Participant: 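Below is the structure I would like to discuss, written out as structure tokens.
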There are 2 protein chains.
Amino acid sequence: MSRIPGRVPTAAPTLADVAELAGVSRQTVSNAVNNPDLLRADTLVRVQDAIEELGYSPNRAARNLRTRSSHLVGMRLSPGQEFTANAAIDRFVHSLVETTGEAGYHVLLFNGDGNDPLRGYDDLLRSTAVDAFVVTDTYLGNPQAAWLRERRAPFVSFGRPWDDPDATHPWVDVDGAAGTELATRHLLDKGHERIAWIGWRKDSFIGEDRRAGWSRALKERDLSTTGMASRVEDTVNSGREASAVLLDEARPSAFVCASDTLAMGVLHTLADRGLRAGADIAVVGFDDSQVAQVVRPGLTSVRQPLEDAAIRVVNALEGLLAHPPRVGPGILLTPTLAVRGSS
Amino acid sequence: MSRIPGRVPTAAPTLADVAELAGVSRQTVSNAVNNPDLLRADTLVRVQDAIEELGYSPNRAARNLRTRSSHLVGMRLSPGQEFTANAAIDRFVHSLVETTGEAGYHVLLFNGDGNDPLRGYDDLLRSTAVDAFVVTDTYLGNPQAAWLRERRAPFVSFGRPWDDPDATHPWVDVDGAAGTELATRHLLDKGHERIAWIGWRKDSFIGEDRRAGWSRALKERDLSTTGMASRVEDTVNSGREASAVLLDEARPSAFVCASDTLAMGVLHTLADRGLRAGADIAVVGFDDSQVAQVVRPGLTSVRQPLEDAAIRVVNALEGLLAHPPRVGPGILLTPTLAVRGSS
DNA sequence: GCTCCCGCTTGGAACGATCAAGACCTCGGG
DNA sequence: CCCGAGGTCTTGATCGTTCCAAGCGGGAGC
């Protein structure tokens, strides 16, 4: 039954086909695939040859049915906000796909309809389509975590359980405060003393976290933060306006921003006023987006270790799905700083 | 058996459970789910009530095993080049997830290991894990299409079969030439007559296609293209150097670029020389990336209708998977132009 | 020589759905 | 009165895999 070029077998070979060819029983073939140790060496070789010859791969559906697991990890892709955060999520997805692949899993993407974010989870869970979830949008008031826990659905969240410090589920997050602290220290080291902050509105936990890093670094050197901070929407224009006001009222020599989008707004203001980013006024953004890399003169930006985050998430998933489940503590990763012309 | 708060049923209800509760047979429940027309109205209601009460969803694995289909669509995420093209793919993935969801499918992401791109396809195909594939990287010499066709694996490609005009598989693509033609005409309408091209090296079909649109628009008005084109790598620096040379040698008043990355290079050169983008020299990019939206003074850019493309891809998939398969012709979509300050 | 145990293999029975075919009832026509 | 048709629902078999418990042969121990 060697492969004939141009002729493709109509039906995929099954365990029974392999067993017959190798002259053993179905179970022996199954063991050869799942528990090779149980077989005598020569039998194993014979079975493996047969598998090779037929081009056999276990039927996923049958295996899933029997073992009650799909080796799929579900992740909800929240419908498109065209923002910086989105690009970061995409980078994370890339890393996640790569890492899960190495662990023998695949990533299944879905999006619940907008008005009921839980719908997608519910469907997949009840139909046992996925083994676990990766949850990414852990903003305030998002009921996913609590809901999933109540259903005893295994999941790992990328993002801290901000609104529930006692949450018991595993999570991985990037220490935003450490990132902005790094950025602020970098500016302090360059001799800046009047460093302004432009961040998000107060209801964003992530925004307040990032702001805390900036303020911590300043207070460490006994520098005041009063009047040096502005909290706005995450748009270029907001960043532009906020930085214009701050320049007039607080006269900072540097800006740290909660996002590259806001930092771009600062760059616009500087250009409006004939100021040179980097030379006259320093600017640091957050997320190391493509924008930061290609804009003139290069935007220094905090880079989240998303590849590493994906690895940790998958590790946590493997722990959750092990028998018995091993559930570790939350993991906080430290970002790095990509230094470019703007500082 | 109403749902008791805090208490979650350990095992998911099965068809048999519903059947018992409704006082009918398994098959009748199955029909209620898949062929409601076959049931008498009152029976249907009774069964649906039972389904509702138990919170029943068909077990995906069992259904997949029996019907030999998974309702999953596989897509290979090519390992991260951090380029513009990547962001476009991500946008496409978002749209694809949304559209497949509406069609009752889910998207499964994978990435074969780098040295053997076919490996991932092969595994999924032989284990019948997905019903079909969406292929995105149709660059020259990529063996995926031919390989998949040989295996009789259903797939739709996003991207034309450049190297094989007789290919019979369904595909969807964006008319790059129409996009650059649109961009060039836009500049012509603004009064520009010396319009330069910065594109990719000649071995890129996509690059040559986009270039053709530029040259077509110019020739239509009897304007010469000689000496007005440059073909380089897709990096900011290449765009910067190429535009500097062109400005010196060909004295264009406008640039059309094969990517936003290259266009950013042009903007750098203009800034280097104290020229104002939009006012002194016009620039148009391609892909309408985030960069184009936030850079100063806004980069006019060709925007691919990726949402529409995803819809067409899913349509084609549904046709392929129908009984009997309906396979339509290739579909070419026309991009639009997002006009901003740079022109 | 018998039992016991170990290592490997075996057939049978799930997993939960759909397919194919048959049973039952009603109704209309001959 | 009988028959066939059609609508409605039920029964048995099946998809391909893994789990379970038993089978089988050989070597060690008594």
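Because only heavy atoms are used, hydrogens play no part in the values below, and waters and symmetry mates are left out as well, while side chains stay in. Here the structure is a predicted model, which is why all the values come from computation and not from measurement. Order of the sequence lines sets the chain letters (A, B, ...), proteins ahead of strands, with each chain counted from 1.
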Participant: So, is A/Ser30 close to the D/dT18 phosphate, meaning a side-chain N or O under 4.0 Å from OP1 or OP2?
Facilitator: yes
Participant: Report the distance from atom CZ of B/Arg66 to atom P of D/dG12, rounded to the nearest whole Å.
Facilitator: 16 Å
Participant: Give the rounded distance in Å between these two atoms: CG of B/Asn59 and P of C/dG16.
Facilitator: 6 Å
Participant: Round to a whole Å and report the spacing from CG of B/Asp42 to P of D/dT8.
Facilitator: 10 Å
Participant: Under the 3.5 angstrom rule, does the side chain of B/Thr100 hit a backbone N or O of B/Leu96 as a donor-acceptor pair?
Facilitator: yes
Participant: At under 4.0 Å between heavy atoms, which parts of nucleotides 6-12 of chain C does protein reach? Answer with one letter per nucleotide, 5' to 3': B base, S sugar-phosphate only, - none.
Facilitator: --SSB-B
Participant: Would a distance-only check, ignoring hydrogens and angles, find a side-chain to backbone donor-acceptor pair under 3.5 Å from A/Thr28 to A/Val24?
Facilitator: no
Participant: What is the distance, to the nearest angstrom, from the CD1 atom on B/Ile51 to the P atom on C/dG16?
Facilitator: 16 Å
Participant: Taking CG from A/Asn34 and P from D/dT17, how many angstroms apart are they, rounded to a whole number?
Facilitator: 11 Å
Participant: Tell me whether B/Arg151 is salt-bridged to B/Asp122, with the criterion being a basic N under 4.0 Å from an acidic carboxylate O.
Facilitator: yes
Participant: Is A/Arg46 salt-bridged to A/Asp42, cutoff N-O under 4.0 Å?
Facilitator: no
Participant: Are side-chain N/O atoms of B/Asp131 and B/Ser70 paired as donor and acceptor at under 3.5 Å?
Facilitator: yes
Participant: What is the distance, to the nearest angstrom, from the CG atom on A/Leu65 to the P atom on C/dT18?
Facilitator: 12 Å
Participant: Name the atoms and distances for all side-chain donor-acceptor pairs under 3.5 Å in residues 308-319 of chain B, with sequence neighbours left out.
Facilitator:
from     : atom 1 : to       : atom 2 : distance (Å)
B/Asp308 : OD1    : B/Arg312 : NE     : 3.4

Participant: Verify the contact: side-chain N or O of A/Arg63 to OP1 or OP2 of C/dC15, cut-off strictly under 4.0 Å; return yes or no.
Facilitator: no
Participant: Just how far, in rounded Å, is C1' of D/dG16 from CD of A/Glu20?
Facilitator: 15 Å
Participant: Where the side chain of A/Leu15 is defined as all heavy atoms beyond and including C-beta, which of D/dT17, C/dG16, C/dT18 is the nearest nucleotide?
Facilitator: D/dT17
Participant: Report the relative orientation of the aromatic rings in B/Phe158 and B/Phe92; use parallel for angles under 30°, tilted for 30 to 60°, perpendicular for over 60°.
Facilitator: parallel
Participant: How are the rings of A/Phe110 and A/Tyr121 set to each other: parallel, tilted or perpendicular (split at 30° and 60°)?
Facilitator: perpendicular
Participant: Is the side chain of A/Asp164 donor-acceptor paired with the backbone N or O of A/Asp166 at a distance under 3.5 Å, no angle test?
Facilitator: yes
Participant: Rounding to a whole Å, what distance do you find between B/Arg60:CZ and D/dT17:P?
Facilitator: 21 Å
Participant: When you compare the protein's N or O atoms with those of nucleotides 22-24 of chain C, which come within less than 3.5 Å of each other, and at what distance?
Facilitator:
none

